[in-house]
Structures are given as structure tokens and as C-alpha cells.
Participant: 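One structure, pasted below without further comment.
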There are 2 protein chains.
Amino acid sequence: METESHSPKSHSPRKMGTFNGFANAPEPWKAFQVRQRNVNEKKDAVLQTAAHLFLEQGYRRTSMGELAKRLNITKPALYYYFKNKEQILVDCYGHGISAIESGLDSALVSHGTGFDKVKAYIEAYATTVVSHEFGRCVAMLDDSSLSPAARKEVRSLKRRIDAAIRHYLEEGIADGSVAPCNVKLASFAIAGAINWIGTWYHPGGELSAAEIGQEFACLLTEGLHRLHTNARSRV
Amino acid sequence: METESHSPKSHSPRKMGTFNGFANAPEPWKAFQVRQRNVNEKKDAVLQTAAHLFLEQGYRRTSMGELAKRLNITKPALYYYFKNKEQILVDCYGHGISAIESGLDSALVSHGTGFDKVKAYIEAYATTVVSHEFGRCVAMLDDSSLSPAARKEVRSLKRRIDAAIRHYLEEGIADGSVAPCNVKLASFAIAGAINWIGTWYHPGGELSAAEIGQEFACLLTEGLHRLHTNARSRV
DNA sequence: GTATTTTCTTACCGCAGAGTAAATTAGCTG
DNA sequence: CAGCTAATTTACTCTGCGGTAAGAAAATAC
């Protein structure tokens, strides 16, 4: 009896008129209050709770039992929806990577110099990492816990994101908008600054996601130097 | 009982970072080939091997048994030198933080504008993280695995490093060498870019520690913009 | 209603890993 | 050499976790 006796603030099993059903609901465990409902909704509830715990205490420190407890179900119920713990992590990565990529896509439709694209990239990427828990999973979670096969899959997805910034940097160097630099190192510096957000950001902070994204884009492209004729508005 | 209790501070804090002789030897396990020898040397051998494993596969994935195996000893022998696994991690942090701080100290003796100091800080910090395995531990390892007491101790040490960069940024803003910006965010961006080095750097790469440090200092202070009259030499 | 399928629980297995007890070996001292 | 102490091993405990087997309970179908 690892899960101690239940009765965890038993919410009335009555299904009060409201549908409790969005994946982004504030209390994902409510998805399990009703038995026969949308399977995908419950999967999303698991993933969302898992992402939260993974970010809070890491993948390895998070046990399936704890995850189940948060959802007011028992451990084996998780295995009805997911093959194993690893699959949950892989799916978190999947959600996060699509979120980042779609953010990048919508930010980069406009055309400009390579420099402009780099700046737009940084802002979009940083904004997603701040505002999206799955995005933060991609930024923070170590994929070395994964099996070789899963790791390979996740890394090939991540590589696409990394290739994009390098491409824009080279474009900028070619069109003269970006100073010649070591593209590999520059992309690492940018990725590091953004991914690191996950270690210090806590939802509900003073700054909005947009503000953080903009400031990061400015810092990482314009630098810290006080420039002579510089009209940028800094916070 | 157990872990939570007092940590006996087996070594004096001021001695951290001072390696006695062979701690940097290529094969730390050799310290254990001879039975009666310098205790501190063996402690350092353990720490060095532990740091290596922690960086390679994370703290939680690294078992005491595996660590012992690498040193050609048995698990309980480790407990002759260290109270528990956590103490090993704490000592790795200690070594790394002193290494970083001494690097900063020696880089920042010269006085200049705030901007210059920020640049020197970044170069020194990055160089240490690249070249020093304990420094990389500070950058990479998650202190959330630690007990509250140990975590508090480690964080107060880390905070000193963080406070330094913020101080230099503010100095630069005051003296006009640094553009007004959100100091907190700027320090996070810089720390992130540097700490992230640990995730991609592997010893024996193409670039030397000094090269990486210089390029990072340039990237993070000068930015990516191609400037009109800019004499900096980029790779 | 009864049968069937979907969903979830109770009870368990096996294993790995942190840490310990007690015996044992190697070095040191006289 | 004997005897003491420092260093290390063998053998073990205990806990927690990933995962499974088998069946109960609810929803659905007929």
C-alpha cells in the first residue's frame, strides 16, 4: 500500500455542470474525476502534470507514484495511457518542440536582414520557453536519461531548431548585417542564455513573457555597449 | 535519522581549490593503489572522479558503486572518506566555486570602465568553466538534489558570483559604458550562456579554453551587430 | 436487464542503490 | 616479533521505484 489511504480532499464526484476539460485547465487531475471521457484529454492531463513535476524536481527524481498521486489516480492507471515513464518524457519533448517551432514559424514570416531574423528568432524562442511549460521542458530536461532510440529521435528534432539559428547567423554574415563570428559558438551562447531561463523563471513573476523575450533579443544581438546613435528603448 | 544531520565539514573551506600534488593526475584511482598514503590525496581522487561522472551522466544517475568501481575500490571505502553521497557533491561545488572566484579575482585586478569589467568577468568565468571540471560542476549540476541545509550553503556561495556581475553591470551603467538595461535579466543571460557551455563542451575539442572565453566575452558584450568602426578581431 | 468493453485498482515482483556492521588486512611503532 | 591503528573488504539491510498480473467497477452495447 504505497499510496496511502485515499480520501484526498474528495471532491464531490458530482459532475457539476461545467466541463472541466481543457488540456490547459488549471487542475489537470480533474480530467480523471469522470471515468469515461476523452482519452486524449486525460493523456494531456498526465503530460501537463508530468511536465510540471519534471521541471520542478527533474525527471529522475519524479516517480510514477508521485505523478499518479497528483492526478488522484493510482500508478498502474498511468500505464493504461502511456507505455512507460520514458514515453511520457518523450511526449513532453514532442509538445515542446512543436510549440517552439510554431512560435519560430510565425515570427519569421517577415523578411529582413539576417540580423533581423536572428533577433526575431531569439525573441520567439525565449517567449515560448517562458510562457510554455513544454517549451521549458525542451530547454531544461536532459535527454541523456532516454534510451538510445528515443534520444536519437528527440535530438534530431532539437537539431532543426539549432540549425535554424545558425542559418540565420550565416545569412546575416553574408549580407553584412552580422559581424563575422564563430557561428557555432554564437549559436551556443544564444541557446544557452535562452534555455537557462528555465532555471530561474517562475510563473507569476514581475515580467511578462513578451518583455523577457524582447529584452533577451535586444541583449543578445545589440550587446551591452552604449552606442552613439542608438534609438533602442531599453527597460 | 540519517542525512539531514550536521555535516562535519571535513575539510577547511579555505583549503578548497588547493590541490595537493596528484589530484589532477590523469588516473585518480592510482591514489588508492597504495594503502597508507595521503588522505587528502585520496579524497581529491574521489572528488575528481565523481565530478567526471556527475558531469557525464548527472548526479542521480551516478551510483556510489559505480564511483567506487572507477577508483578500483569498493563502495564502503568511499564512506571512510565521505559521510555520504551528498557531501561529495557539496565538495565538488566547493572546489568549483573557489576556482571560479579565484579566476575572477585575478582577472579583475585591473581597473577600467564597468564595461571592461563585465567583459573581463565573462572571459574569466567562461574560461574556468571550460577548463575546470569542478567549475563545470557549478555551472551544470542541479543543486535541488541537495538537502535544504546543503543547498542553502551552496546557493549563498553561488550568489556571490552572481552579485559580482550585477555590480559590474550597474557600475557600467553609472559610468556610461554600458547601455541601460535590466540588470537582472542581463546577468541571467550572461550566466546562462556561460553555464550552458557545460552541456556542449567536451575536452579535447577544436577550440582552446582561452579562445572560447574570449569569443564569449566579445559576443555577449559587443553583440552581433556589425559596427562601423570596429577593430575587434573575430574568429 | 445481460454481455462486453473500457477504465482503473489492489496486490505484488524484482531490482538497484544508499548506507551500515563487522570482520579483515596492511602498515606502523616499539 | 607483538600489538595497535588506519584503511578496506565481504556480506548484508532497507527503502523506493519501475513495471506487471489479475480482477473489480463503471460505461456502453445489445
Side-chain angles (χ1 to χ4, degrees), chain A residues 1-8 10 13-15 21 29-46 50 53-54 57-90 145-147 150, chain B residues 1-8 10 29-46 50 53-54 57-90 145-147 150:
Chain A
M1 49 169 70
E2 52 186 11
T3 53
E4 52 190 82
S5 50
H6 29 52
S7 82
S10 321
R14 184 95 193 96
K15 38 187 150 187
W29 59 271
K30 283 193 174 173
F32 285 90
Q33 274 193 322
V34 179
R35 188 151 174 149
Q36 206 101 335
R37 216 180 181 89
N38 195 344
V39 171
N40 288 325
E41 182 184 322
K42 298 194 181 178
K43 277 190 179 179
D44 283 345
V46 172
L53 288 171
F54 291 165
Q57 46 185 293
Y59 173 72
R60 288 193 57 96
R61 279 178 73 90
T62 304
S63 71
M64 294 294 272
E66 190 181 1
L67 174 55
K69 207 170 179 182
R70 287 262 180 134
L71 292 160
N72 275 335
I73 55 176
T74 55
K75 191 170 55 161
L78 291 172
Y79 289 87
Y80 180 77
Y81 293 99
F82 294 90
K83 190 186 155 221
N84 52 26
K85 192 182 175 187
E86 175 174 79
Q87 191 58 50
I88 294 178
L89 178 57
V90 169
S145 302
L146 295 174
S147 70
Chain B
M1 55 212 271
E2 76 218 338
T3 53
E4 209 78 26
S5 47
H6 40 66
S7 48
S10 45
W29 59 271
K30 284 195 173 171
F32 285 91
Q33 275 190 321
V34 179
R35 189 155 174 146
Q36 207 102 333
R37 214 186 180 87
N38 194 343
V39 171
N40 287 324
E41 182 182 322
K42 297 194 183 179
K43 277 191 178 178
D44 283 345
V46 172
L53 287 171
F54 291 166
Q57 45 186 304
Y59 173 71
R60 294 203 41 106
R61 281 177 72 90
T62 302
S63 72
M64 295 294 272
E66 190 181 1
L67 174 55
K69 207 171 179 182
R70 288 263 180 134
L71 291 160
N72 275 334
I73 56 175
T74 56
K75 191 169 54 159
L78 292 172
Y79 289 88
Y80 181 77
Y81 294 99
F82 294 90
K83 190 191 155 214
N84 53 26
K85 192 181 175 187
E86 175 173 79
Q87 191 57 50
I88 295 178
L89 178 57
V90 169
S145 301
L146 294 175
S147 70

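We name chains A, B, ... by the order of the sequence lines, and we start the count at 1 in each one.
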Participant: Rounded off to whole Å, could you give me the CG-to-P distance for the A/Asn38 and D/dA27 pair?
Facilitator: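 In whole Å, D/dA27 P lies 16 Å from A/Asn38 CG.
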
Participant: Does D/dG19 have OP1 or OP2 sitting under 4.0 Å from an N or O in the side chain of A/Lys83?
Facilitator: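 No.
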
Participant: How close do A/Thr62 and A/Gln57 get, counting heavy atoms only, and between which atoms?
Facilitator: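 Taking A/Thr62 first and A/Gln57 second, the nearest heavy atoms are OG1-CG, 3.4 Å.
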
Participant: Could you list the residues that satisfy side chain to side chain donor-acceptor pair (under 3.5 Å) with B/Thr74, not counting sequence neighbours?
Facilitator: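 Listed in chain order: nothing, the list is empty.
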
Participant: So, using ring pair (Phe, Tyr, Trp, His ring centres under 6.0 Å) as the criterion, who are the partners of B/Phe54 when residues are at least two apart?
Facilitator: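 In terms of ring pair (Phe, Tyr, Trp, His ring centres under 6.0 Å), with neighbours along the sequence ignored, B/Phe54 is linked to B/Tyr59.
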
Participant: Take the protein atom CG of B/Leu67 and the nucleotide atom P of C/dA16, then report the distance between them rounded to whole Å.
Facilitator: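 The answer, rounded to whole Å, is 18 Å.
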
Participant: Enumerate all atom pairs, one protein N or O and one N or O from nucleotides 9-12 of chain D, separated by less than 3.5 Å.
Facilitator:
unit_1: D/dT9; atom_1: OP2; unit_2: B/Thr74; atom_2: N; d: 3.0
unit_1: D/dT9; atom_1: OP2; unit_2: B/Thr74; atom_2: OG1; d: 2.7
unit_1: D/dT9; atom_1: O5'; unit_2: B/Thr74; atom_2: OG1; d: 3.4

Participant: For A/Tyr79 and C/dT7, what is the distance between atoms OH and C1' respectively, to the nearest whole Å?
Facilitator: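 Rounding to the nearest Å, OH of A/Tyr79 and C1' of C/dT7 are 17 Å apart.
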
Participant: Can you find a heavy atom in the side chain of B/Leu53 that is under 4.5 Å from one in the side chain of B/Arg61?
Facilitator: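 They are not in contact (no side-chain heavy atoms under 4.5 Å apart), so the answer is no.
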
Participant: How about B/Tyr79 and B/Lys75: do any of their side-chain heavy atoms sit closer than 4.5 Å?
Facilitator: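 Yes, their side chains come closer than 4.5 Å.
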
Participant: Given atom CD of A/Glu86 and atom C1' of D/dG18, what is their separation to the nearest angstrom?
Facilitator: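 So the CD-C1' distance, A/Glu86 to D/dG18, works out to 12 Å.
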
Participant: If we fit an axis to the first five pairs and another to the last five of the helix from C/dG1-D/dC30 to C/dG30-D/dC1, what angle do they make, to the nearest 10°?
Facilitator: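 Computed angle between terminal axes is 0°.
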
Participant: Let me confirm one number: the OH-CG distance from A/Tyr81 to A/Leu71, rounded to the nearest 0.5 Å.
Facilitator: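 Here the rounded value is 10.5 Å.
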
Participant: Report yes if a side-chain nitrogen or oxygen of A/Tyr80 is closer than 4.0 Å to either non-bridging phosphate oxygen (OP1 or OP2) of C/dT7; otherwise report no.
Facilitator: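 Yes, because at least one side-chain N or O of A/Tyr80 sits under 4.0 Å from OP1 or OP2 of C/dT7.
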
Participant: Taking CD from B/Glu66 and C1' from C/dC15, how many angstroms apart are they, rounded to a whole number?
Facilitator: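 So the two atoms are 16 Å apart, to the nearest Å.
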
Participant: When you check the phosphate oxygens OP1 and OP2 of C/dT7, does a side-chain N or O of A/Tyr81 lie under 4.0 Å from one of them?
Facilitator: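 No, outside the criterion.
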
Participant: Roughly how far apart are B/Lys42 NZ and B/Phe82 CZ, rounded to 0.5 Å?
Facilitator: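 The NZ atom of B/Lys42 sits 12.5 Å away from the CZ atom of B/Phe82.
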
Participant: Who pairs with A/Ser63 by side-chain contact (heavy atoms from CB on, under 4.5 Å), at least two apart in sequence or on another chain?
Facilitator: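 With neighbours one apart ignored, the set is A/Glu66.
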
Participant: Is there a side-chain contact between A/Asn38 and A/Asp44, using heavy atoms and a 4.5 Å cut-off?
Facilitator: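 No, their side chains stay 4.5 Å or more apart.
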
Participant: Whole angstroms only, please: what is the NZ-P distance between A/Lys69 and C/dT9?
Facilitator: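 Rounded to the whole Å, the gap is 14 Å.
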
Participant: Within this structure, what is the CE-to-C1' distance between A/Met64 and D/dG18, rounded to whole angstrom?
Facilitator: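 These atoms are roughly 8 Å apart.
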
Participant: Between B/Lys85 (NZ) and C/dT20 (P), how many Å, whole number?
Facilitator: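 It is 15 Å, rounded to the nearest whole Å.
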
